[in-house]
Amino acid sequence: MTLNPLAFPKGVKLVCELCQKPAFVQCTQCRVTYYCCVEHQRADWLGIHEKICNNLIMLRQPTPFLPSEEERQKRESFMLVKKKQMIDLTRTTGQKLLFEGKHEQAVPAAMQSLRFAIDVHGIASIELVPSYLILGEASIGLGRLSQAEEYLAQAEWTVLKTPDVSSAMKSRLHRNLGLLYAAKGDFPEALRQLADDIYHASEEYGPDDIRTSGGYFHMANVFFRQGKRDVADSLYRQVTDIWHSHLDRIVKSRTRTPATPRGVGPGAIEKEEEEEEGLDEAQEAEAIQVLNSIYDMREHQSNRRSQDLVSVCHALAMLCFLLHDIKKAKEFGRKAVVASENNPDDNFSRNIVEFMKVCERIK
């Protein structure tokens, strides 16, 4: 990140990327992004600009003169693809930052995703809702509940006026509303919204999908805050089981001996690679946040079941393995082995031992 004070040509008005106030600082790398102060430049750089700086040069420069209609259409199609890629990148980054607890940094990413979504889809499109939800959740994390209400009201209005909204979109909206009511201390309404989140997520993905598990996790947190520890405990167990099964499938897929491809040529291998499960950046951050939170609770729980600690330790070991942190994978794996000594499930214990053997083969 570098500083370049602006000397405005007469009649040129530039505005800050974050607050839309008059700008006095320019990014010297892309030279198409402006800020009112160094603080806003730094905030944008940390939140999203570092990732998209070079892309903005092409996207924000004036359209060059193209002599033929065919060339103009090709450029428009190319630019549309790039803008859609930017929507995905900025939203994934914003969601990742939220899971990491970096609510202030998530705001610039969400704002960029909103701008690109408006440019591609228009001001009233349902495609803007994910960006409003990230902005709403960031505001909740920052304690700006009135601002969060405004973003979520905009998202809810857009969902209500749009026919055939996907269950996935409804799920995300209800989850954010649940977080808002929980932050306001209205636990009954928070639980109602989270129940709706789980219902819609189950319709879209199934009840045992990681994209549904977030609803269970937040519901468990609400019950925990109410002192209803048994209900919370059961929901935390369900979240752990969902993530454990998902991570176990990925680890086994990546460590199994490759099958002999059928047919001629690389087609069979490519097809197998396309079907392999994985985690995007936001899902990785969610897994880290959720599983570490449950692990911290289990470790200090006096009346826990041994299986509960085994499951979350093994899940964290597999997550670290997938994140290429073999040292931590072995550390959590050893904790799972120790905890499993009093566990009657021999198949589960063997699964952990086999996983540890895989870790030991990696130097």
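Numbers here simply count residues along the sequence, with the first being 1. The structure displayed is predicted, hence computed values, not measured ones.
- Few gaps surround CD on Glu69; more than 12 heavy atoms of other groups in view lie less than 6.0 Å from it.
- Checked by atom type, the side-chain pair Asp280/Thr92 shows no donor-acceptor distance below 3.5 Å.
- Using a 4.5 Å heavy-atom threshold, the side chains of Val165 and Thr162 count as touching.
- Counting heavy atoms from C-beta outward, Leu114 and Leu135 have side chains that approach closer than 4.5 Å.
- For an aromatic pair to be called close, the ring centres must be under 6.0 Å apart, and His314 with Phe332 fails this.
- Within the 4.5 Å cutoff, the side chain of Met111 has no heavy atoms near those of the Pro108 side chain.
- Residues Glu137 and Arg172 are not paired through a salt bridge, judged by the lack of any N-O separation under 4.0 Å between the basic side chain and the carboxylate.
- One side chain, Asn221 or Tyr236, offers a donor N or O that lies under 3.5 Å from an acceptor on the other.
- At a threshold of 4.0 Å, the pair Asp196-Arg192 counts as salt-bridged, since one of the basic side-chain nitrogens sits closer than that to a carboxylate oxygen.
- The side-chain heavy atoms of Cys16 and Pro22, taken from C-beta on, include no pair separated by under 4.5 Å.
- Around the NZ atom of Lys328, the shell of radius 6.0 Å holds no more than 12 heavy atoms that belong to other residues, nucleotides or ligands.
- Taking the six-membered ring for Trp and thresholds of 30 and 60 degrees, His49 and Trp45 have ring planes inclined between 30 and 60 degrees apart.
- Residues Tyr132 and Leu152 fail the side-chain proximity criterion, which asks for heavy atoms closer than 4.5 Å.
- The number of heavy atoms from other shown groups lying within 6.0 Å of NZ (Lys84) does not exceed 12.
- Under the 4.5 Å side-chain criterion, counting only non-hydrogen atoms from C-beta, Ser311 is in contact with Gln307.
- Tyr199 OH: 12 or fewer foreign heavy atoms inside a 6.0 Å radius.
- Counting only N and O atoms by type, the side chains of Tyr295 and Lys335 include a donor and acceptor under 3.5 Å apart.
- With 3.5 Å as the limit, one finds no donor-acceptor pair spanning the side chains of Gln41 and Glu17.
- Side-chain N/O atoms of Glu203 and Ser167 include a donor and acceptor closer than 3.5 Å.
- A side-chain N or O of Asp233 and one of Gln301 form a donor-acceptor pair less than 3.5 Å apart.
- No hydrogens or angles considered: a donor-acceptor pair under 3.5 Å links the side chains of Ser68 and Glu71.
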